[in-house]
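For reference, the structure discussed in these notes is given below.
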Amino acid sequence: MPSISKKGQLMPQSPIRKLVPFAEKAYKQGKTVYHLNIGQPDIKTPQVALDAVKIHSLDILAYTRSEGSEQYRQKIAKYYANNDIHVNHDDIIVTTGGSEALLFAFGSIMDVDDEIIIPEPFYANYNGFSTASGVKVVPVISKIENNFALPPIEEFEKLITPKTKGILICNPGNPTGYLYSKEEIKKLADIVKKHDLFLIADEVYREFAYDGATHYSILQEESLNDYAIVIDSVSKRYSMCGARIGCLVSKNKQVIQTALKFAQARLSPPTLAQIASEAALETPQSYFDDVIEEYVDRRNTLISELNKVEGLKVANPKGAFYCIAELPVKNSDAFAQWLLEDFDVNGETIMVAPAAGFYSTPGVGLNQIRIAYVLNKESLIKAVNILKEALKVYKD
Ligand SMILES: Cc1ncc(COP(=O)(O)O)c(C=O)c1O
């Protein structure tokens, strides 16, 4: 039989999706499963975006330009200007989700065996994109004790080698919910300039900043014009995960020219989804005000309920819609499986994301889980109660 590539064998499985067969088993047993494991918001997509694809008058569903339609990119630039981020439409390449923007960024700045430093825990698919690009993730550990703030800059500096090409941050963070301050971004700016590295910021959760805090984009740091690459997406902002539209933004012309070649190879981002995403930019501010109010309410409920659970430690998230909780268990992978297979409270159980998959240092995060608060408050209260009851009887 012909053989599978080494790269293919090394591609990591999604740490969340590997629990799916156990969830299916739970459904077959007639259990209700509260999904705390995925980042699929239950918030309604803005009506303007849904309407735009219903009323379009296209006769041919043609390719658009590889970098995305000019009209859409002009409007994205205006969206950024409203967020005090000043870029031109030709600093933007529209992609098939933030996922493709990450692949283009990796492909544009790194060769096989190059290294990228990422504070962990991080969005698990960074591992997959790195493996697909043949590059090595070098993790720097951030800690639950200080809410997963930026690790001391000396820790980054220690890890820089001749192969290091960049630092990647997620702001606000999935899975940590941490929102980097302007001061932390400035520290990163200094280190990337000093060592001539790229700084990639995944800002797909930009709007999800709570408690009056404002998100500070790396594109607002003018001195970073040659260094900064932003990854963005409509998926979470407008609850449009299925549209598959995102973008890569950089003031560095060489980065854009290179990313464009990757974009040309895949011809075009999806046409109908660009129409929906362009219309989504007309979403009234009241939509975001309501969404943020809802998430803050959910976060407050979740954190206060979790704090009542004995032996559990939780970081207080200031953004996105995730938090990391440390449990009094040895192996949260086994615990998550047990919850689905062997446990219920009146026919109801929960599905959580074991956090080890969000670390690349082996053995770290084994007693942690990620909780996504994408369910309504009543469901969150029930879910935490199930977790509390489960921890009373679980033995590992
Ligand atoms: C931090 C982060 N970056 C990127 C993505 C990719 O999103 P998409 O490809 O849907 O834009 C996600 C999706 O969950 C994410 O959480």
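In each ligand, atom 1 is the first atom listed, and ligand 1 is the first ligand listed. Computed from a prediction, not measured in an experiment: that's the story for all the values here.
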Is there a donor in the side chain of N88 and an acceptor in the side chain of H86, or the other way round, less than 3.5 Å apart? no
With rounding to the nearest 0.5 Å, note down the distance linking OG1 in T64 to CD in Q274. 4.0 Å
CD1 (I245) and CE (M240) are apart, to the nearest 0.5 Å, by 8.0 Å
Sorted by chain and number, the residues that approach ligand 1 to under 4.0 Å with a heavy atom: G97, G98, S99, Y123, C170, N174, D202, V204, Y205, S233, S235, K236, R244
Can you establish whether the number of heavy atoms outside E293 located under 6.0 Å from its atom CD is more than 12? no
Contact check, side chains of K388 and L391, non-hydrogen atoms, under 4.5 Å: no
Contacts table for residues 310-328: side-chain donor-acceptor under 3.5 angstrom, sequence neighbours left out:
residue: K313; atom: NZ; partner: E145; partner atom: OE2; Å: 3.3
residue: Y322; atom: OH; partner: Y205; partner atom: OH; Å: 2.6
residue: E326; atom: OE1; partner: Q368; partner atom: NE2; Å: 3.0

